[in-house]
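Some notes on the structure that comes next.
Numbers restart at 1 for each chain; the letters A, B, ... are given by sequence-line order, proteins then strands. None of the values given here were measured: they were computed from a predicted structure.
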Protein chains: 2
Amino acid sequence: MAHSTVYDVAHKAGVSIATVSRVVNSPEKVNLETRTKVLQAIDQLGYVPKAEAAARARKSAGRIAVLAPFFTYPSFVQRLRGVANALAHLPYEMTVYNVDNTARRDSYVTSLSLTRRFDGLILMALPFTQVTVERLVNNSIETVSIEVTHPSFSSIEIDDHAGGRLAADFLIRKGHKRLGFIGDTDLPDLAFPTSDRRLTGYRAAVRDAGLELDPLNISLAAQSLQNGRHSMHALMSQPHPPTAVFCASDTQAMGALKAAHELYLNVPRDVAIVGFDDLDFADYIGLTTIRQHLEESGRLAVELLLSRLENRARPIKNVRLTLEVIERETT
Amino acid sequence: MAHSTVYDVAHKAGVSIATVSRVVNSPEKVNLETRTKVLQAIDQLGYVPKAEAAARARKSAGRIAVLAPFFTYPSFVQRLRGVANALAHLPYEMTVYNVDNTARRDSYVTSLSLTRRFDGLILMALPFTQVTVERLVNNSIETVSIEVTHPSFSSIEIDDHAGGRLAADFLIRKGHKRLGFIGDTDLPDLAFPTSDRRLTGYRAAVRDAGLELDPLNISLAAQSLQNGRHSMHALMSQPHPPTAVFCASDTQAMGALKAAHELYLNVPRDVAIVGFDDLDFADYIGLTTIRQHLEESGRLAVELLLSRLENRARPIKNVRLTLEVIERETT
DNA sequence: TGCTTACATGAAAGCACTTACAAGTATAAC
DNA sequence: GTTATACTTGTAAGTGCTTTCATGTAAGCA
């Protein structure tokens with residue numbers, strides 16, 4: 001009963017595949033008797049010509065593709081939730097492509113847009129080359145980029161640099177003088193280096209305040225709870241540990257918090273911790289953090305995409321989402 | 001430049017059509033130099049592969065579909081991570097369908113399976129009707145179901161009932177006599193009622209121990225941190241609050257923990273809390289929980305699926321994953 | 001230096017159909 | 001009883017693309 005082909009039908013009806021094809025495409029060319037026989041076989045086998053099915057679906061793919069590095073990072077998940085919710089009652093499905101190695105990334109966008117069928121593309125924190133851009137534009141694939149801006153696309157970005165400053169200014173205003181930082185090792189090329197940018201802004205603000213960011217107080221590792229914890233242990237076991245640590249993500253901050261407890265440090269008395277993202281759980285562990293509107297970014301990406309999909313004449317928009325310090329119990 | 005084909009591109013780039021195809025579909029397999037040459041030719045000719053022809057020639061769709069209710073629940077995300085990782089270096093992409101209402105659930109399976117847009121299907125915690133089963137079987141769509149078992153499919157399940165017992169036995173052994181439960185309101189039809197089953201097992205074990213589960217000590221609500229918190233507040237503000245609470249998910253347990261802190265209750269002295277899932281963060285908040293192997297379940301689902309995809313003659317497998325109590329600081 | 005291994009590539013065999021072409025049969029016309 | 005004509009139908013040659021297989025070449029190693 002599986003998916004049958006012209007061959008199956010032909011065999012069952014005792015005719016050639018050409019006849020089957022004719023019955024489907026120009027029935028008047030085939031004798032009534034034969035035609036009936038073939039139609040019967042078609043019904044019995046539940047035969048659906050593939051091309052036709054494809055053609056029917058061709059109007060619109062009804063799919064929007066989302067490319068994200070490490071889509072299981074909480075921050076990406078939260079963005080995805082925004083995308084999924086926005087798409088929930090629309091005739092579009094979402095395909096998530098997980099970009100997890102550099103080799104793949106380079107060509108992924110290219111080959112995807114050429115090979116796969118979808119109506120729109122959402123790029124999450126993926127840097128791209130000019131060639132990629134041109135290819136997407138040439139194939140008129142409507143694209144929205146989150147975190148990375150480009151004049152050819154609609155985009156949604158946050159000012160990571162300003163986010164870093166925000167954290168530093170906040171901590172300095174609280175009286176801290178020895179500041180630390182826990183961030184991502186940059187995976188060159190793979191994902192957009194938000195952590196680096198946050199660090200740059202952080203450092204700039206520290207300098208502006210006449211302070212210095214000791215390289216020993218900076219620890220970088222791949223983003224994870226475990227690494228956040230290790231980084232914190234490393235920072236705090238120095239002769240002159242920082243009195244406040246800014247983490248490039250809430251995940252790392254959570255790991256840092258764990259480490260602080262393990263070291264019997266009182267947070268925020270002994271050391272203050274600031275995260276970044278304001279994930280769901282941040283509120284629940286009382287984490288002070290820089291809020292970026294993750295779910296909203298996903299929702300907005302869909303909105304921008306669909307708006308252009310409906311009417312290509314609409315202008316490309318580059319939206320910048322605001323950041324804010326959410327003060328809780330870790331500072 | 002009308003419609004160019006692989007042949008045109010191949011000719012212009014001085015390579016074979018096979019190489020052109022490879023550049024489009026798996027660029028990493030072709031030498032950078034050659035690739036550049038071909039891409040140049042592609043750009044110059046404005047070549048766009050005909051999806052229809054590709055679909056015809058491609059034996060498999062190269063897609064596996066994952067249907068999940070509320071895919072942004074942490075437990076589903078963790079399963080998805082297992083799926084994504086298992087698929088990472090295989091020629092399959094993953095499409096996540098978020099099922100958020102019953103109507104959609106049925107239509108997905110129907111329409112998607114009819115157009116045969118994917119090779120395999122993973123159903124996460126989705127109950128299905130016999131009609132659906134038949135449709136899938138008729139269209140010979142290889143399916144693996146997680147959490148729900150059916151003789152026609154491979155499946156991966158856990159014994160929720162036993163999980164509930166495990167939690168109760170553990171708490172009773174710790175000396176608790178007034179037990180509480182925080183679980184999901186069942187969304188009839190939409191998702192598999194794991195929470196209910198855990199409650200049933202929990203209650204049974206409590207009875208077996210000669211105790212009683214007071215209905216006032218049970219609070220059900222849609223799964224979320226907020227609701228977990230509210231439920232805990234409700235339970236603990238009674239005249240006879242429980243001394244231990246089992247939550248049907250770690251998310252709810254985290255909310256409950258938050259509530260306990262807000263009420264200045266010492267955990268575990270005043271009230272013990274046990275979760276379910278053992279999510280990433282459980283270890284970090286010291287949550288005692290019933291561990292189920294989420295990521296592994298995703299990995300395994302892919303394994304079962306691919307095994308049957310390679311060779312349909314292989315038997316259908318119904319795997320039961322074990323559960324265990326992970327004792328931490330909340331009990 | 002000879003031998004194994006990995007990589008890059010082209011030839012060729014599909015895929016699921018469509019369609020031009022030719023052949024066979026029945027009917028009509030002489 | 002031929003021959004012309006209209007119908008049917010099967011054969012086989014495309015269609016544009018993917019992928020296996022085999023071969024040639026470059027690199028690794030003792």
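Remark: A:Asn31 is in phosphate contact with D:dT9, judged by side-chain N or O atoms under 4.0 Å from OP1 or OP2. Proximity of B:Thr5 to the phosphate of D:dG16: no side-chain N or O atom is located under 4.0 Å from OP1 or OP2.
Counting to the nearest Å, the P atom of C:dT18 and the OH atom of A:Tyr7 are 11 Å from each other. Here C:dA22 presents its P atom at 16 Å from NZ of A:Lys29, a figure rounded to the nearest Å. In this entry the distance linking CD1 of B:Ile42 with P of D:dG16 reads 16 Å, nearest Å. Going from atom CD of A:Glu33 over to atom P of D:dC7 covers 17 Å, rounded to whole Å. Rounded to whole angstrom, the span from the NZ atom of A:Lys37 across to the P atom of D:dT9 amounts to 8 Å.
Partners of A:Phe76 according to the ring-ring contact (aromatic ring centres under 6.0 Å, His included) rule, which considers only residues two or more places apart in sequence or in another chain, do not exist here. Contacts of A:Glu33 classified as salt bridge (charged side-chain N to carboxylate O under 4.0 Å, His left out), with partners at least two apart in sequence or in another chain: none. Legend: residues meeting salt bridge (charged side-chain N to carboxylate O under 4.0 Å, His left out) with A:Arg197, ordered by chain and number and at least two apart, are absent. A:Arg299 pairs by the salt bridge (charged side-chain N to carboxylate O under 4.0 Å, His left out) definition with A:Glu296, A:Glu303, not counting sequence neighbours. Remark: A:Ser75 engages no residue in a side chain to side chain donor-acceptor pair (under 3.5 Å) (not counting sequence neighbours). In this structure B:Asp280 satisfies the salt bridge (charged side-chain N to carboxylate O under 4.0 Å, His left out) test together with B:Arg81, sequence neighbours excluded.
Residue B:Val20 is classed as having no contact, given no heavy-atom separation below 4.0 Å to the nucleic acid.
Taking the six-membered ring for Trp and the full ring otherwise, B:Phe153 and B:Phe128 have centroids separated by under 6.0 Å.
Relative to the side chain of B:Thr34, the nucleotides C:dA8, D:dC17, D:dT9 differ in distance, and C:dA8 lies closest. Counting only heavy atoms from C-beta on, B:Ser21 has its side chain closest to D:dT19 among C:dA8, C:dG10, D:dT19.
One axis for each end of the helix from C:dT1-D:dA30 to C:dC30-D:dG1, each built from five base pairs, and the angle between them comes to 30° at 10° resolution.
Residue pairs meeting the salt bridge (Lys or Arg N to Asp or Glu O under 4.0 Å) criterion with at least one partner in residues 9-21 of chain A, sequence neighbours excluded, are absent.
Side-chain contact check for B:Ser155 and B:Asn318: at least one donor-acceptor pair (N or O, by modelled atom type) lies under 3.5 Å.
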Give me, pair by pair, the N or O atoms of the protein and of nucleotides 11-15 of chain D that are less than 3.5 Å apart, along with how far apart they are.
residue	atom	partner	partner atom	Å
D:dT15	O2	B:Arg56	NH1	2.8

